[in-house]
Amino acid sequence: MLKLKINLIWPGCAEGHYIIKAKGFIIAILSWGNKCGALEGWGTFAYVPIDPSGNGSFYFSGARGIPREATHVYAHCVSSDFSSYEDVFAEIPARFLCETSISENTQNFSVLTDLHLASKPWRIKNALNVTRSENILLLGDSTNDGTSEQFEQFEECIKETASEKIILPVIGNHDVLHSSQGDDSDGCKNYTEFQKHLLSKAEDKGFSVLYDHDSLAYSIQFENIDVVGLQCVISGRKFSFPEGKQISCLKNHLEANKDSRWHLVLCHAPLLAHNPNRNTGNPYLGKNKMLQEIVDNCGKVIFLSGHTHVSPNRLTGNAEFDKHCGNIYLDCGSVVDTDTSSEKELMSLDWNDGCITELFVTDREVEICISSIKTGIKFPRGYYRFNGTL
């Protein structure tokens with residue numbers, strides 16, 4: 001007889017134990033569902049081996065959210081000889097279900113990072129085509145080599161697929177000309193023109209863009225959400241904030257805009273303490289400690305980064321909520337295939353797919369939904385809702 005038991009911890013959060021009894025079966029595939037079956041458009045979140053005694057268990061960590069539509073957990077159990085299967089489900093206790101809905105004052109942003117346009121634009125067009133929001137955030141490495149031809153091709157992709165949308169970029173290390181491709185002292189020039197072009201389009205639509213012309217950093221307001229673009233790469237493809245001026249500008253800007261509902265800080269590389277690779281040692285970013293102190297002191301910061309290509313389907317997760325200062329840190333995965341190489345568990349074939357991140361931001365809650373660029377399937381391991389209770 002099949003049994004599925006779930007022991008959750010926090011309302012709206014998927015963290016907890018999922019225990020399966022399935023004698024004669026070899027694996028159970030877990031997914032979110034409702035009374036009719038597995039949720040349409042959502043992938044699986046665990047592949048759980050069943051031992052010879054018929055027992056299997058999975059601990060879902062990383063503070064993932066329970067989808068708003070979900071009322072049940074389904075286990076698709078495959079027999080030991082792979083000749084048959086059976087499904088079993090468990091109802092999610094009402095106290096753990098999501099009680100909020102997306103409100104009218106929600107701001108939506110689509111986030112793309114590490115597109116690495118080299119010569120074939122199909123991936124970039126596809127990524128831009130699947131964005132749901134009118135506001136797109138590019139977190140760097142939009143191109144692979146930083147050449148003028150690649151940026152021109154990227155602009156053509158935008159014209160064909162997203163010409164009416166607001167697109168806000170930051171620089172990545174691959175957006176800088178390598179020393180072998182040109183004058184290293186002016187390696188950022190092609191990105192600089194690309195950024196100016198995209199920000200001028202935002203100004204044409206009535207947005208006020210504040211520039212720091214020396215560092216290329218900028219800020220723009222979406223109602224009462226403050227978006228700040230940090231340029232953390234200089235010529236030579238070095239991660240740096242020259243002379244610390246950009247860091248000072250960020251500190252002054254955040255202090256002057258304390259009343260903003262949220263501050264979205266865009267930066268190609270993550271802060272050391274929130275690196276999804278969990279590496280120790282030297283940080284990616286120069287002045288990492290100073291930058292961390294600034295965002296900690298501000299609070300209400302959503303720090304968005306890329307660079308690592310880490311899959312949102314790694315069990316440790318790519319998003320963190322700091323309940324002490326109310327900040328959220330999100331590594332958004334890459335549009336190119338992502339990395340799950342450190343995981344030893346069973347995985348779905350699409351868990352390495354390039355991905356797109358959608359942000360839904362309200363006064364009290366931030367909803368994060370990451371899905372496959374190739375299929376559009378939502379990744380349960382890339383779904384979060386942070387509202388200050390975790």
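What you see below is based on every heavy atom in this structure, not just the backbone, and it leaves out hydrogens, waters and symmetry mates.
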Asker: Any donor and acceptor pair, going by atom type alone, linking the side chain of R237 with main-chain N or O of V176 inside 3.5 Å?
Answerer: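 Yes, R237 side chain to V176 backbone: donor-acceptor pair under 3.5 Å.
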Asker: Using modelled atom types and a 3.5 Å cut-off, is there a donor and acceptor pairing between side-chain atoms of N327 and backbone atoms of D322?
Answerer: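 Answer holds: no.
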Asker: Checking S235 side chain against G187 main chain: does a donor-acceptor pair fall under 3.5 Å?
Answerer: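 Side chain of S235 to backbone of G187: a pair is present.
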Asker: Are L250 and L210 connected, step by step, through hydrophobic side chains (Ile, Leu, Val, Met, Phe, Trp, Tyr) whose heavy atoms are closer than 4.5 Å?
Answerer: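 Each belongs to a different hydrophobic cluster.
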Asker: Would L137 and I167 satisfy side chain to side chain contact (heavy atoms under 4.5 Å, CB included), going step by step from the backbone distance to the final call?
Answerer: CA-CA 6 Å; L137 311 176; I167 301 180; over 6 Å; no
Asker: Side chain of Q231, backbone of I171: donor and acceptor closer than 3.5 Å?
Answerer: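 Yes, because the side chain of Q231 sits within donor-acceptor range (under 3.5 Å) of the backbone of I171.
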Asker: Could you measure the distance from the CG atom of L230 to the SG atom of C267? Nearest 0.5 Å is fine.
Answerer: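 Result: 5.5 Å between the selected atoms.
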Asker: Go through the steps to decide whether R364 and N387 satisfy the test side-chain hydrogen bond (donor to acceptor under 3.5 Å, both in side chains), and finish with yes or no.
Answerer: CA-CA 6 Å; R364 293 177 55 87; N387 59 16; over 6 Å; no
Asker: Do N34 and E69 have side-chain atoms, one donor and one acceptor, less than 3.5 Å apart?
Answerer: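 Absent: no donor and acceptor within the cut-off.
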Asker: Residues in side chain to side chain contact (heavy atoms under 4.5 Å, CB included) with F151, at least two apart?
Answerer: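 Side chain to side chain contact (heavy atoms under 4.5 Å, CB included) list for F151, sorted by chain: T143, D175, N190, Y191, F194.
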Asker: H76 and F25: aromatic ring centres closer than 6.0 Å?
Answerer: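 Between F25 and H76, which both carry aromatic rings, the centre distance is not below 6.0 Å.
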Asker: Among pairs that include at least one residue of residues 215-235, which meet salt bridge (Lys or Arg N to Asp or Glu O under 4.0 Å), considering only residues two or more places apart or in two chains?
Answerer: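 Pairs touching residues 215-235 that pass the test: none.
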Asker: According to the ring-ring contact (aromatic ring centres under 6.0 Å, His included) rule, which pairs have a member within residues 331-355, sequence neighbours left out?
Answerer: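 Residue pairs passing ring-ring contact (aromatic ring centres under 6.0 Å, His included), neighbours aside: Y47-W351.
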Asker: Per the salt bridge (Lys or Arg N to Asp or Glu O under 4.0 Å) rule, what does the pair list look like for residues 6-31, sequence neighbours excluded?
Answerer: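 For residues 6-31, and leaving out neighbouring residues, there are no salt bridge (Lys or Arg N to Asp or Glu O under 4.0 Å) pairs at all.
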Asker: Under the rule for side chain to side chain donor-acceptor pair (under 3.5 Å), what residues qualify as partners of D350, not counting sequence neighbours?
Answerer: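 Scan of D350 (side chain to side chain donor-acceptor pair (under 3.5 Å), adjacent residues dropped) gives S348.
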Asker: In this structure, are over 12 heavy atoms from other groups packed under 6.0 Å from Y85 atom OH?
Answerer: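 Not more than 12 within 6.0 Å, no.
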Asker: Would you kindly confirm whether F58 and L8 end up in one hydrophobic cluster when ILVMFWY residues are joined by side chain heavy atoms under 4.5 Å apart?
Answerer: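 As far as the 4.5 Å side-chain criterion goes, L8 and F58 are connected within one cluster.
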Asker: I'd like to check the side chain to side chain donor-acceptor pair (under 3.5 Å) partners of H309; sequence neighbours left out, ordered by chain and number.
Answerer: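 Checked H309 against side chain to side chain donor-acceptor pair (under 3.5 Å); matches are D114, H116.
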Asker: Between atom CD1 of I124 and atom CD1 of I373, what is the distance when rounded to the nearest 0.5 Å?
Answerer: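 Those atoms lie 10.0 Å apart.
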Asker: Mind checking whether P276 and T316 have side chains closer than 4.5 Å, heavy atoms only?
Answerer: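 No, too far: nothing below the 4.5 Å cut-off.
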Asker: Looking at L264, V361, V366, which hits side chain to side chain contact (heavy atoms under 4.5 Å, CB included) with I328?
Answerer: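 Looking at L264, V361, V366, the match for I328 under the side chain to side chain contact (heavy atoms under 4.5 Å, CB included) is V366.
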Asker: Atom NZ in K205, atom OG in S200: separation rounded to 0.5 Å?
Answerer: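 Reported value, rounded in 0.5 Å steps: 11.5 Å.
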Asker: Are the aromatic ring centres of Y383 and W42 under 6.0 angstrom apart?
Answerer: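 Ring centroids of Y383 and W42 are less than 6.0 Å from each other.
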Asker: Output the distance between atom CG (L115) and atom NZ (K125), rounded to the nearest 0.5 Å.
Answerer: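 Rounded to the nearest 0.5 Å, the CG-NZ separation comes to 14.0 Å.
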Asker: A side-chain contact here means heavy atoms from C-beta on lying under 4.5 Å apart; do K201 and I166 qualify?
Answerer: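 Sidechains of I166 and K201: no contact.
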Asker: Could you tell me whether the side chain of S31 and the main chain of A38 form a donor-acceptor pair under 3.5 Å?
Answerer: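 No, S31 side chain to A38 backbone: no donor-acceptor pair under 3.5 Å.
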Asker: Applying side chain to side chain donor-acceptor pair (under 3.5 Å), can you list everything that pairs with T308, at least two apart in sequence or on another chain?
Answerer: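 Listed in chain order: D331.
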Asker: With distance as the sole test, does S372 use its side chain to make a donor-acceptor pair with the main-chain N or O of K374 at under 3.5 Å?
Answerer: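 Answer holds: yes.
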Asker: At what distance, to the nearest 0.5 angstrom, does CD1 of I294 lie from NZ of K287?
Answerer: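 Nearest 0.5 Å value for the CD1-NZ distance: 10.5 Å.
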Asker: Assess, by modelled atom type and distance only, whether the side chains of Q195 and Y218 contain a donor and an acceptor separated by less than 3.5 Å.
Answerer: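 Result is no, nothing qualifies.
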Asker: Compare all side-chain heavy atoms of C355 with those of T338 and state whether any distance is below 4.5 angstrom.
Answerer: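 A side-chain contact exists here, since the closest heavy-atom pair is under 4.5 Å.
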Asker: Among all residues two or more places apart in sequence or in another chain, which pass the side chain to side chain contact (heavy atoms under 4.5 Å, CB included) test with I220?
Answerer: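 I220: side chain to side chain contact (heavy atoms under 4.5 Å, CB included) contacts with L168, A202, F207, V209, F222, V227.
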Asker: Under 3.5 Å, side chain of D145 to main-chain N/O of L177, donor-acceptor pair present?
Answerer: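 It does not hold such a pair.
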Asker: Please say which of L272, N275, N173, V233 ends up in a side chain to side chain contact (heavy atoms under 4.5 Å, CB included) with Y284.
Answerer: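 Running side chain to side chain contact (heavy atoms under 4.5 Å, CB included) over L272, N275, N173, V233 with Y284 returns exactly one hit, N275.
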Asker: Are E320 and H274 close enough that a side-chain donor and a side-chain acceptor fall under 3.5 Å?
Answerer: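 Note: E320 and H274 side chains meet the donor-acceptor criterion.
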Asker: Is there a donor-acceptor pair closer than 3.5 Å between any side-chain N or O of S53 and the backbone N or O of N55?
Answerer: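 It does not hold such a pair.
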Asker: Hey, is E365 close enough to R68 for a salt bridge, meaning N to O under 4.0 Å?
Answerer: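 A salt bridge is present here (some side-chain N lies under 4.0 Å from a carboxylate O).
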Asker: Can you check side chain to side chain contact (heavy atoms under 4.5 Å, CB included) on F239 and I234, steps first, answer last?
Answerer: CA-CA 6 Å; F239 286 107; I234 61 173; over 6 Å; no
Asker: Kindly assign one of parallel, tilted or perpendicular to the pair F60 and F45, based on the angle between their ring planes and the thresholds 30° and 60°.
Answerer: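 Answer is parallel, since the angle falls under 30°.
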Asker: Would you say the side chain of T357 lies within less than 4.5 Å of the side chain of L330, judging by non-hydrogen atoms?
Answerer: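 Sidechains of T357 and L330: in contact.
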Asker: Quick check against the 3.5 Å criterion: does E358 have a side-chain atom that pairs as donor or acceptor with the backbone of R132?
Answerer: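 Yes: the side chain of E358 pairs with the backbone of R132.
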Asker: Which pairs pass side chain to side chain donor-acceptor pair (under 3.5 Å) with one or both residues in residues 295-305, sequence neighbours excluded?
Answerer: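 Of all non-adjacent pairs touching residues 295-305, those that pass side chain to side chain donor-acceptor pair (under 3.5 Å) are Q292-D296, D296-Y329.
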Asker: So does N144 get a backbone contact from the side chain of H174, meaning a donor-acceptor N/O pair under 3.5 Å?
Answerer: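 Present.
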Asker: Check which hydrophobic residues are tied to W122 through side-chain heavy-atom contacts below 4.5 Å, counting indirect links as well, and list them.
Answerer: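 Listed partners: none, W122 stands alone.
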Asker: Scan residues 29-52 for pairs that pass salt bridge (Lys or Arg N to Asp or Glu O under 4.0 Å), counting only residues two or more places apart or in two chains.
Answerer: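 Counting only pairs at least two positions apart or across chains, no salt bridge (Lys or Arg N to Asp or Glu O under 4.0 Å) contact touches residues 29-52.
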Asker: Do N257 and D259 pass the side chain to side chain contact (heavy atoms under 4.5 Å, CB included) test, and can you show the C-alpha distance, the side-chain angles, and the key distance before you say yes or no?
Answerer: CA-CA 5 Å; N257 291 273; D259 294 335; over 6 Å; no
Asker: Does some side-chain heavy atom of L271 sit less than 4.5 Å from a side-chain heavy atom of F303?
Answerer: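 Yes. Closest side-chain heavy atoms under 4.5 Å.
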Asker: Which is it for W262 and T362 under the side chain to side chain contact (heavy atoms under 4.5 Å, CB included) test, yes or no, and what are the steps along the way?
Answerer: CA-CA 9 Å; W262 289 97; T362 68; over 6 Å; no
Asker: Which residues pass the side chain to side chain contact (heavy atoms under 4.5 Å, CB included) test with V88, not counting sequence neighbours?
Answerer: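 In terms of side chain to side chain contact (heavy atoms under 4.5 Å, CB included), with neighbours along the sequence ignored, V88 is linked to L2, L4, A75, C77.
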Asker: Does the side chain of N352 come under 3.5 Å of the side chain of T340 through a donor N or O and an acceptor N or O?
Answerer: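 The answer is yes; a qualifying pair exists.
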Asker: How about N282: does its CG atom have over 12 heavy atoms from other parts shown lying under 6.0 Å from it?
Answerer: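 Not buried by this count: 12 neighbours or fewer within 6.0 Å.
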Asker: If we only count heavy atoms from C-beta on, is the L291 to F241 side-chain gap below 4.5 Å?
Answerer: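 Of all side-chain heavy-atom pairs linking F241 with L291, at least one is under 4.5 Å.
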Asker: When rounded to the nearest 0.5 angstrom, what is the spacing between NZ in K165 and OG1 in T131?
Answerer: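 K165 NZ to T131 OG1: 3.0 Å, rounded to 0.5 Å.
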